[in-house]
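Here is the structure we will look at, set down as structure tokens.
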Amino acid sequence: MSGGTRLENANPLIFQRTGERLQTANDEDEDVADPIDDREIFDLIRSINDPEHPLSLEELNVVEQVRVRVDDQENTVGVEFTPTIPHCSMATLIGLSIKVKLLRSLPERFKIDVHITPGTHASEDAVNKQLADKERVAAALENSQLLEVVNQCLISNARTG
């Protein structure tokens with residue numbers, strides 16, 4: 001959250017959270033092949049904290065399960081996220097937080113593509129270019145102050161977990 005600065009979107013719409021995924025016996029059985037699916041990816045990113053509000057990305061409708069694509073066979077994960085306003089200055093930070101969460105959680109075999117939902121942000125192309133550039137992402141994560149902000153977004157809250 002911003003410290004003492006004016007909020008860009010002071011009164012965001014708040015959406016109801018999706019119910020928890022029901023676990024089956026096969027989910028618990030380590031001997032059963034368990035491909036990664038869109039719900040599993042959504043469950044990883046839904047509780048990421050918004051950098052500006054004390055709400056999760058799911059509660060702000062920034063991430064939705066329908067905007068997650070997984071191809072376990074091809075080792076690809078794609079996530080579209082929707083900033084709450086078209087001029088959101090936090091869009092790159094939100095995208096970086098999603099990408100870092102997935103990089104830390106998924107096997108290295110996965111190629112992760114995180115980008116803004118088309119037509120929902122004024123600087124969509126520039127943000128998407130930054131998020132797709134491996135060197136820029138790596139450099140951003142070497143910045144200790146930026147990494148601290150990302151880590152704060154990734155801290156789980158009791159209300160979201």
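Throughout, residue positions are numbered sequentially from 1 according to the sequence presented.
Atom CD1 of I112 sits about 10.5 Å away from atom OG1 of T76, to the nearest 0.5 Å. The distance from atom OG of S123 to atom NE2 of H87, rounded to the nearest 0.5 Å, is 7.0 Å. The line from CG of N61 to CD of E59 is 11.0 Å long, rounded to the nearest 0.5 Å. Annotation: the span from L141 atom CG to K99 atom NZ amounts to 10.0 Å, rounded to 0.5 Å. Taking OG of S89 as the reference point, atom CD1 of I94 lies at 9.0 Å (rounded to 0.5 Å). Here the CG-CD1 distance, from L154 to I98, works out to 10.0 Å after rounding to the nearest 0.5 Å.
Contact of the H121 side chain with the P86 side chain is not registered, since no non-hydrogen atoms from C-beta on lie closer than 4.5 Å. D72 has its side chain within reach of R109: a pair of non-hydrogen atoms, C-beta onward, lies under 4.5 Å apart. Looking only at side-chain heavy atoms (C-beta outward), K111 and N75 stay at 4.5 Å or farther from each other. Under the 4.5 Å side-chain criterion, counting only non-hydrogen atoms from C-beta, L96 is in contact with L146. Q152 has its side chain out of reach of N49: every pair of non-hydrogen atoms, C-beta onward, lies at least 4.5 Å apart. L93 has its side chain within reach of V149: a pair of non-hydrogen atoms, C-beta onward, lies under 4.5 Å apart. Proximity of F110 to I36: side-chain heavy atoms (C-beta onward) are separated by under 4.5 Å at one or more points. Contact check for I116 versus P83: side-chain heavy atoms found under the 4.5 Å cut-off.
The two residues L102 and I45 make their nearest non-hydrogen contact at CD2-CG2, 3.8 Å. Between V63 and F42, the closest heavy-atom pair is O-CE1, 3.8 Å. Between G95 and L131, the closest heavy-atom pair is C-CD2, 3.6 Å. Counting all heavy atoms, side chain and backbone alike, P118 lies closest to E80 at CD-OE2, 3.5 Å. In this structure, D50 and L57 approach most closely via the heavy-atom pair CA-CD2, 4.0 Å.
Across E64, E58, E40, a single residue satisfies salt bridge (charged side-chain N to carboxylate O under 4.0 Å, His left out) together with R46, and that is E58. Applying the side-chain contact (heavy atoms from CB on, under 4.5 Å) test between F81 and each of V114, I48, T120 identifies V114 as the sole match.
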Salt bridge (Lys or Arg N to Asp or Glu O under 4.0 Å) between D43 and R39, intermediate numbers included: CA-CA 6 Å; D43 284 343; R39 179 59 194 252; 2.8 Å; yes
Check against side-chain contact (heavy atoms from CB on, under 4.5 Å), R69 and D38: CA-CA 6 Å; R69 296 175 326 282; D38 59 343; over 6 Å; no
Derivation and outcome, side-chain contact (heavy atoms from CB on, under 4.5 Å), residues L55 and L60: CA-CA 7 Å; L55 299 164; L60 291 170; 3.6 Å; yes
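In this structure, the side chain of D113 does not engage the main chain of G78 through any donor-acceptor pair within 3.5 Å.
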